Asks: 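One structure coming up, written as structure tokens, with questions to follow.
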Amino acid sequence: MKYILFFLLLITTTVSADNPTFWAATYYVAPTGSDLNPGTITQPFKTVQKASSIAAPGDLIYVRGGTYTSTAGNAADVHFLIQNVTGTAGAPITIQNYPGETPLFNTVAITPTANYPCIMKVYNCSWLNIKGLTIKNLKQVATGAGVSYGFIFDHSNNCQAIQLNVFDIGGTGCTIQNTSHDITFLNCDSHNNGDGVSPDAWNFGDGFTCTNDDSYNIYFTGCRAWMNGDDDYDWFEWRGTNCVVKDCWAFWASIKPWGRFTTQPIEDSITPSNPSLWASNNAYRTSTTSGEGFKAGGCNIGRCTTGGTTTLKKQYINILSVGNCGTGVSYNWTEGSTYAFIDLIQNATLCFNGNDGIGGAFPRSTNLFQRIDNTIAYGNNILDSGGDLAYNGHCDSIQNCYWNTHYDQDCGNLKGSITINNSDFVSTDQTQLVTARQADGSLPIITFMHYVAGSDGIDAGRIYNVANRPYNGAAPDLGAFEYGAVPPTPVLPGCNAGADKAITLPTTSVSATATVTGSITPLTYLWTVTPAATISGSTTLTATFSGLTVGTYRVGFRVTDASLNTAIDSMIIVVSNTGVIIASPVIKLASLWQGHIILDFTYSGDKLMEVERSVGTGGYVRLGSVEVKAGYTGYGFIDWSPVTGNNSYRVKAGSVYSNVYVKKKP
């Protein structure tokens, strides 16, 4: 026998961090899924395109591990298109790898006929996070008429790419274009990319680019680029403002990505990470004079007028640029421009490059205006003559630096009062730079170019812009790494939504305060509630829920750190009504209809009525409940199947009962 109440039945479910049903939606994508599925963990979608097309603010899309291949064909311009996805500041949409798994977007089977194909493009999106994906293997069009791309932000804003690994692209790894703004690349790698079949081979194969564009508010933090056919980071003729590159590494630019003689990506055939191979064999190099770690840009006359002559355009903070065939930080194509070089370089390590440590296209760039502090450059000019500093701009803006050699002006040089060479460092082994990242995606812990005790570079810097570079001792050290600064093991976020709440009408609101842990800042917060209610402070630690009525509310709290690691917790709000009963419910059995008991009732109170069935002497089992308002008249159903004997029911409102005796169905 089965009994079900069919009207306004309140059903209580268990909510846990492993079953976050309080979010607007959590979707799943898997290589074995189908876009006809509902997108659950057991019935996932097949494509990120499908999942992203239905995502709403606050939604989370988990991409399961495995290989995702393109069905778009050789002529496709984009193989995985994520478009028109719109989150909000308080509730961004997130597409990320399922914890512990690696989704691989691999287009090795594609032989492109499009001139400028891309594996994954984020188009016309806002407040979207992409995390934990590996993107690889797209050849260059065989004619050399264009180049391929791994990952693109296009016409998008307030988006983040986090822990992406992009490589084996017949062109450029990652790029930002078409006036996208407020874009972040965090803890991403772009390597082994290049355009080996172009007429001007290896000239457009970069790691990260934002060139010939007006994009602005661009941020790179904790990124690595290496073994790209041209430059590792390229801002050639970038016309935007406010690009910040912090704690990023560039190395081995213009080393051929797939061996000495291969011009197209070949799966699992990347050049070994062994500088001794190309130290004595230039066949591994795409150039002996070019291939910059950071190509900081520059423009021909009239091309870079945005921002005037006093607007800070680019900042390079705690950067490492070593072992590149060209220059560590380079400025080029600067005839007559007074706008391209309002830049800050702070605490850079620029060593062992084939060309200059810092250099420009001379003698044309006489209007350079740089702020350079606490930077070291030595051991450069391995392949081409020049200087650790090659500069002819304003000297008064360069302080507390060390250059072993210089070309043109010798600005801000501490040489003479201090000496820095290989013996000042624990290690000069560049192969440490390709060590696996830490578990949270941050850069690996290395000893390369870290000072030994007693080095002249310790405490030799200028106290400047401390928020960007905390320091030990009396003053900042020179270079990218602070002596004695042992990176703490990051603490992943945790949270507690607080204790369950219970209120009684006429109170219709209640506040909850969450507690959080975690060391990767900043942290963002999001409260949700089901069924819907008004939330004040939904993106703060304390939220107030109002407009509540009788029932049970499931409240979720989520904390997200700066690396998009998340933690979730839940709590329950129970709203009850134990007010004075104005009148007892009046209930009678109207009829039996198609196996149902039909209840007619009127009730002048404002109560939750519960329906119970007799299960023995003095015992009843609750079947369900319904909320009724004062003066309400209505009816409901209870499923009823033939049984032996008769049955008794009662309807309870508060402590008052109305009994109903039901004969078995004829």
Side-chain angles (χ1 to χ4, degrees), residues 231-233 245 247-253 275 289-296 314-332 341 343-362 365 368 370-395 397-425 428 430 433 448-451 455-458 460-462 464 469 476-482:
D231 306 314
D232 281 342
Y233 301 79
V245 182
D247 300 312
C248 289
W249 301 350
F251 51 103
W252 305 343
T289 58
S290 186
E292 329 301 357
F294 296 91
K295 181 175 286 183
K314 297 182 291 294
Q315 300 181 61
Y316 301 91
I317 302 163
N318 304 337
I319 63 168
L320 179 76
S321 187
V322 299
N324 302 293
C325 292
T327 297
V329 178
S330 173
Y331 298 88
N332 60 347
F341 305 109
D343 288 1
L344 165 70
I345 300 174
Q346 180 182 354
N347 286 96
T349 296
L350 313 171
C351 299
F352 318 129
N353 296 293
N355 207 323
D356 306 322
I358 296 176
F362 301 107
S365 51
L368 283 169
Q370 296 284 64
R371 168 86 265 166
I372 306 176
D373 290 285
N374 306 347
T375 289
I376 57 172
Y378 81 93
N380 297 294
N381 307 112
I382 295 171
L383 304 173
D384 193 30
S385 62
D388 293 319
L389 174 69
Y391 179 76
N392 61 354
H394 298 271
C395 263
S397 60
I398 301 179
Q399 299 182 34
N400 293 70
C401 296
Y402 181 89
W403 334 106
N404 192 46
T405 63
H406 68 276
Y407 177 84
D408 210 321
Q409 300 189 77
D410 186 14
C411 302
N413 197 353
L414 295 175
K415 184 180 179 181
S417 59
I418 67 172
T419 299
I420 295 178
N421 54 42
N422 286 358
S423 65
D424 284 85
F425 301 99
T428 58
Q430 297 176 35
L433 299 175
F448 175 73
M449 302 307 287
H450 284 249
Y451 287 117
S455 168
D456 285 353
I458 298 173
R462 182 171 85 97
Y464 174 76
R469 175 61 184 261
D477 301 343
L478 301 188
F481 305 113
E482 185 77 5

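All of these numbers come straight from a predicted model, not from anything done at the bench.
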Asks: Please report the shortest heavy-atom distance between Glu292 and Thr327, naming the atom on each side.
Replies: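 In this case the closest contact between Glu292 and Thr327 is OE1-N, 2.6 Å.
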Asks: Does Asn324 have any side chain to side chain contact (heavy atoms under 4.5 Å, CB included) partners at least two apart in sequence or in another chain, and if so, which?
Replies: Asp232, Ala253, Ser321, Asn353
Asks: Set out, in order, the CA-CA distance, both residues' side-chain angles and the distance that settles side chain to side chain contact (heavy atoms under 4.5 Å, CB included) for Tyr391 and Ile358, then state yes or no.
Replies: CA-CA 8 Å; Tyr391 179 76; Ile358 296 176; 5.6 Å; no
Asks: For Asp408 and His406, work out which heavy atoms get closest and say how close.
Replies: O-CD2, 3.1 Å
Asks: Given the rule in the disulfide bond (SG atoms under 2.5 Å apart) test, do Cys411 and Cys395 qualify, once you have shown the distances and angles that lead to the verdict?
Replies: CA-CA 5 Å; Cys411 302; Cys395 263; 1.8 Å; yes
Asks: So, using side-chain hydrogen bond (donor to acceptor under 3.5 Å, both in side chains) as the criterion, who are the partners of Ser455 when residues are at least two apart?
Replies: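 side-chain hydrogen bond (donor to acceptor under 3.5 Å, both in side chains) check on Ser455 returns Asp424.
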Asks: Quick one: closest heavy-atom pair of Phe294 and Cys248, and the distance?
Replies: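 Distance-wise, the nearest heavy atoms are CZ-O, 4.1 Å.
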Asks: Please report the interatomic distance CG(Asp456) to OG1(Thr419), rounded to the nearest 0.5 Å.
Replies: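 Asp456 CG to Thr419 OG1: 6.0 Å, rounded to 0.5 Å.
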Asks: The criterion is side chain to side chain contact (heavy atoms under 4.5 Å, CB included); which residues satisfy it with Asp477, sequence neighbours excluded?
Replies: Tyr451, Ile458, Asp459, Arg469, Glu482, Tyr483
Asks: Output the distance between atom CG (Asn374) and atom CD (Gln399), rounded to the nearest 0.5 Å.
Replies: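 The CD atom of Gln399 is 9.0 Å from CG of Asn374, to the nearest 0.5 Å.
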Asks: How many angstroms lie between CG in Asp356 and OG in Ser330, if you round to the nearest 0.5 Å?
Replies: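 OG of Ser330 is found 8.0 Å from CG of Asp356.
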Asks: Could I get the full list of salt bridge (charged side-chain N to carboxylate O under 4.0 Å, His left out) partners for Asp231, not counting sequence neighbours?
Replies: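 Counting only residues at least two positions away or on another chain, Asp231 forms a salt bridge (charged side-chain N to carboxylate O under 4.0 Å, His left out) with Lys295.
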Asks: Where is the tightest heavy-atom contact between Trp252 and Pro275, given as atom of each residue plus distance?
Replies: CZ2-CG, 3.7 Å
Asks: Do Tyr378 and Phe352 have their ring centres less than 6.0 Å from each other?
Replies: yes
Asks: With side chain to side chain contact (heavy atoms under 4.5 Å, CB included) as the criterion, how do Asn355 and Asn381 come out once you've worked through the C-alpha distance, each side chain's angles and the decisive distance to 0.1 Å?
Replies: CA-CA 4 Å; Asn355 207 323; Asn381 307 112; 4.1 Å; yes
Asks: Among side-chain atoms of Asp373 and Asn347, is any donor-acceptor pair under 3.5 angstrom?
Replies: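 The criterion, which ignores hydrogens and geometry beyond distance, is not satisfied for Asn347 and Asp373.
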Asks: About how many Å separate CD1 of Ile420 and CD1 of Ile376, when rounded to the nearest 0.5 Å?
Replies: 5.0 Å
Asks: Report yes if some heavy atom in the side chain of Thr375 is under 4.5 Å from a heavy atom in the side chain of Leu478; otherwise report no.
Replies: no
Asks: Trp249: which residues meet the side-chain hydrogen bond (donor to acceptor under 3.5 Å, both in side chains) condition with it, sequence neighbours left out?
Replies: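 Checked Trp249 against side-chain hydrogen bond (donor to acceptor under 3.5 Å, both in side chains); zero matches.
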Asks: Any non-hydrogen side-chain atom of Val245 less than 4.5 Å from a side-chain atom of Lys314?
Replies: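 Val245 does not reach Lys314 side chain to side chain.
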Asks: Does Ser423 have any side-chain hydrogen bond (donor to acceptor under 3.5 Å, both in side chains) partners at least two apart in sequence or in another chain, and if so, which?
Replies: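 For Ser423 the side-chain hydrogen bond (donor to acceptor under 3.5 Å, both in side chains) partners, ignoring immediate neighbours, are Asn421.
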Asks: Which pair of non-hydrogen atoms, one from Met449 and one from Cys351, has the smallest distance, and what is that distance?
Replies: CE-SG, 3.9 Å
Asks: For the atom pair CH2 (Trp403) and CD1 (Ile398), what is the distance rounded to the nearest 0.5 Å?
Replies: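 One finds 6.0 Å between CH2 of Trp403 and CD1 of Ile398.
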Asks: How are the rings of His450 and Phe481 set relative to one another: parallel (under 30°), tilted (30 to 60°) or perpendicular (over 60°)?
Replies: parallel
Asks: Between Asp388 and Asn380, does any side-chain donor sit less than 3.5 Å from a side-chain acceptor?
Replies: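 Per modelled atom types, Asp388 and Asn380 side chains form a pair under 3.5 Å.
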Asks: When rounded to the nearest 0.5 angstrom, what is the spacing between CG in Leu414 and CZ in Arg462?
Replies: 12.0 Å
